[in-house]
Number of protein chains: 2
Amino acid sequence: MKPSPPIDIEQRLANLTEACRATGMRVTHQRLEIFREVAKTSEHPDADTIFQRVRKRLPTVSHDTVYRTLASLEEMGLISRVDPARGGARYDANCDKHHHFVCTECGAITDIYLQYEPPLPEGIENLGDVESLHLQVRGICQNCKTN
Amino acid sequence: MKPSPPIDIEQRLANLTEACRATGMRVTHQRLEIFREVAKTSEHPDADTIFQRVRKRLPTVSHDTVYRTLASLEEMGLISRVDPARGGARYDANCDKHHHFVCTECGAITDIYLQYEPPLPEGIENLGDVESLHLQVRGICQNCKTN
DNA sequence: GTCACTGCAAATAATTTGCAAAGCA
DNA sequence: TGCTTTGCAAATTATTTGCAGTGAC
């Protein structure tokens with residue numbers, strides 16, 4: 001397992017601006033703040049957590065704008081959805097190739113960087129065109145183990 | 001990728017009876033029929049699909065009984081939840097070690113049997129106690145490709 | 001007979017949608 | 001200005017819960 005690279009927020013925000021320009025989408029205040037909340041953390045927050053945090057800066061932001069914006073950002077490829085075993089969708093602005101450890105007790109999600117990426121199963125092309133491969137390791141995290 | 005082994009419904013139903021006896025749970029008509037619906041297919045139906053099918057035989061079965069029963073069966077280890085990227089939870093009575101191909105267009109889930117199981121990432125023990133490892137390959141299935 | 005299980009109804013959580021007003025390019 | 005995006009409110013979808021009656025062992 002390789003160590004996690006540091007988060008470069010400025011780079012991520014620059015990617016947002018560029019992606020918006022490229023796709024004709026507008027860089028609105030809401031979009032910027034919602035993306036910033038996802039971009040600045042590696043804790044994979046869910047939609048409601050993002051909503052609560054953004055609301056501190058933009059008190060009039062609505063719940064559905066958060067959902068719509070997260071969907072747009074995902075479509076632009078700037079963030080990705082992580083679907084844990086339980087609870088709502090979680091979001092991740094980490095575009096590096098990586099996988100996840102999901103705690104089945106508290107729901108915490110930690111990035112896993114593999115030394116070698118798992119190869120696609122041979123013969124998978126008979127099932128369809130592959131878009132992505134996700135490895136999810138489930139278990140009890142250190143924090144839950146000791147508590 | 002290894003070929004999928006055939007489904008042995010009788011064996012699966014026998015496992016249910018034995019697991020109920022072992023855990024003190026009762027083999028009710030509803031529980032039997034709900035399990036049978038999951039056990040006899042490899043299409044990974046969701047809770048509502050199971051509900052619709054069981055209702056044909058047990059017209060008074062309720063939606064919440066299906067949810068509660070699926071949760072019990074999962075706890076007993078007779079079925080497992082599959083969480084696709086979109087939509088509700090799907091259920092699977094296949095207890096052999098396997099992974100999934102999920103079609104991002106129609107939501108179809110197909111079992112994948114690997115020649116070699118992916119090894120746990122080295123150093124994963126620093127994150128916590130591992131319970132399971134799931135590989136999910138996402139893409140467009142053959143059926144959606146041609147339509 | 002006892003205790004787990006079920007059906008009903010209603011609650012909750014998570015997410016989506018229609019529409020008119022507001023804001024970026 | 002024109003078209004995207006937002007906020008509001010309400011609708012959906014997925015799932016869970018309390019409770020009294022029912023049934024398996």
Side-chain angles (χ1 to χ4, degrees), chain A residues 13 16-38 44-52 54-76 78-79 81-91 107, chain B residues 13 16-38 44-52 54-76 78-79 81-91 107:
Chain A
L13 289 173
L16 171 65
T17 310
E18 195 197 339
C20 283
R21 194 170 310 155
T23 59
M25 300 184 94
R26 285 158 193 185
V27 185
T28 62
H29 197 184
Q30 289 88 333
R31 194 162 279 168
L32 198 62
E33 292 305 321
I34 290 167
F35 179 66
R36 193 199 302 275
E37 279 307 329
V38 184
H44 309 78
D46 63 14
D48 191 59
T49 303
I50 296 164
F51 171 66
Q52 302 297 344
V54 169
R55 200 157 58 152
K56 288 182 188 163
R57 294 156 167 246
L58 298 176
T60 64
V61 80
S62 67
H63 223 147
D64 56 290
T65 295
V66 172
Y67 277 102
R68 273 185 292 214
T69 302
L70 290 170
S72 312
L73 293 173
E74 191 193 3
E75 234 173 276
M76 285 191 272
L78 292 165
I79 63 174
R81 270 171 74 111
V82 185
D83 295 272
R86 307 236 156 218
R90 309 274 294 262
Y91 294 88
Chain B
L13 289 173
L16 170 66
T17 309
E18 196 198 339
C20 283
R21 193 170 309 156
T23 59
M25 300 183 95
R26 288 163 190 180
V27 186
T28 62
H29 198 183
Q30 290 87 334
R31 195 164 278 168
L32 198 62
E33 293 304 322
I34 290 167
F35 179 65
R36 193 200 302 277
E37 279 306 330
V38 184
H44 309 78
D46 62 15
D48 190 60
T49 302
I50 296 164
F51 170 66
Q52 301 297 344
V54 169
R55 198 156 60 152
K56 288 182 189 164
R57 292 154 167 249
L58 297 176
T60 64
V61 78
S62 66
H63 222 149
D64 57 293
T65 294
V66 173
Y67 277 102
R68 274 185 291 213
T69 302
L70 291 170
S72 314
L73 294 173
E74 190 192 3
E75 236 173 274
M76 286 191 270
L78 292 166
I79 63 173
R81 271 171 73 111
V82 186
D83 296 272
R86 306 238 157 215
R90 308 275 292 263
Y91 294 88

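The structure presented is a predicted model; accordingly, all values stated were derived computationally and were not measured. Excluded from the calculations below are hydrogen atoms, water molecules and symmetry mates; all remaining heavy atoms, backbone and side chain alike, are included. All chains are named by letter (A, B, ...) in the order of the sequence lines, taking the proteins before the strands, and each is independently numbered beginning at 1.
- Which of D/dC8, D/dT15, D/dG18 sits closest to the side chain of B/Ala89 comes down to D/dT15.
- Using a 4.5 Å heavy-atom cutoff, the side chains of A/Tyr91 and A/His44 are not in contact.
- Inter-residue side-chain proximity for B/Asp48 and B/His63 is flagged as met; some heavy-atom pair is nearer than 4.5 Å.
- The interatomic distance linking A/Leu58 (CG) with D/dT5 (P) rounds to 16 Å, in whole Å.
- In terms of position on DNA chain D, the residue among B/Thr28 and A/Gly24 whose nearest nucleotide sits closer to the 5' end is A/Gly24.
- For B/Arg68 and C/dC5, a side-chain-to-base donor-acceptor distance below 3.5 Å is absent, hydrogens and geometry of angles not being considered.
- If you find the closest nucleotide of DNA chain D to A/Arg31 and to B/Asp48, the one lying nearer the 5' end belongs to A/Arg31.
- At the phosphate of C/dG7, OP1 or OP2 sits under 4.0 Å from a side-chain N or O atom of B/Thr60.
- The interatomic distance linking A/Ile34 (CD1) with D/dT5 (P) rounds to 12 Å, in whole Å.
- Rounded to a whole Å, the CZ atom of B/Arg90 is 14 Å from the C1' atom of D/dA14.
- The base of D/dC3 sits within donor-acceptor range of the side chain of A/Arg26, with an N or O pair under 3.5 Å.
- Between A/Arg36 and A/Glu33, at least one side-chain nitrogen of the basic residue sits less than 4.0 Å from a carboxylate oxygen of the acidic one, meeting the salt-bridge criterion.
- Both A/Ala47 and A/Gln30 sit near DNA chain C, but only A/Ala47 has its closest nucleotide nearer the 5' end.
- Considering only heavy atoms from C-beta on, A/Leu73 stays 4.5 Å or farther from A/Val38 through its side chain.
- For B/Tyr67, taking side-chain heavy atoms from C-beta onward, the closest of the listed nucleotides D/dC8, D/dA14, D/dG18 is D/dA14.
- The residue A/Asp46 sits apart from the nucleic acid: no heavy atom pair falls under 4.0 Å.
- For the pair A/Asp64 CG and D/dT13 P, the computed distance is 17 Å after rounding to whole Å.
- The separation between A/Met25 atom CE and C/dG23 atom C1' is 15 Å, rounded to whole Å.
- The distance from atom CG of B/Leu73 to atom P of C/dT6 is 10 Å, rounded to the nearest whole Å.
- Rounded to whole angstrom, the span from the CD atom of B/Gln52 across to the C1' atom of D/dA14 amounts to 14 Å.
- Counting heavy atoms from C-beta on, the side chains of A/Glu37 and A/Pro45 never come closer than 4.5 Å.
- Between the CG atom of A/Asp83 and the C1' atom of C/dT15 there is a distance of 13 Å, given to the nearest Å.
- For the pair A/Thr65 and D/dT5, the criterion of a side-chain N or O lying under 4.0 Å from OP1 or OP2 is not met.
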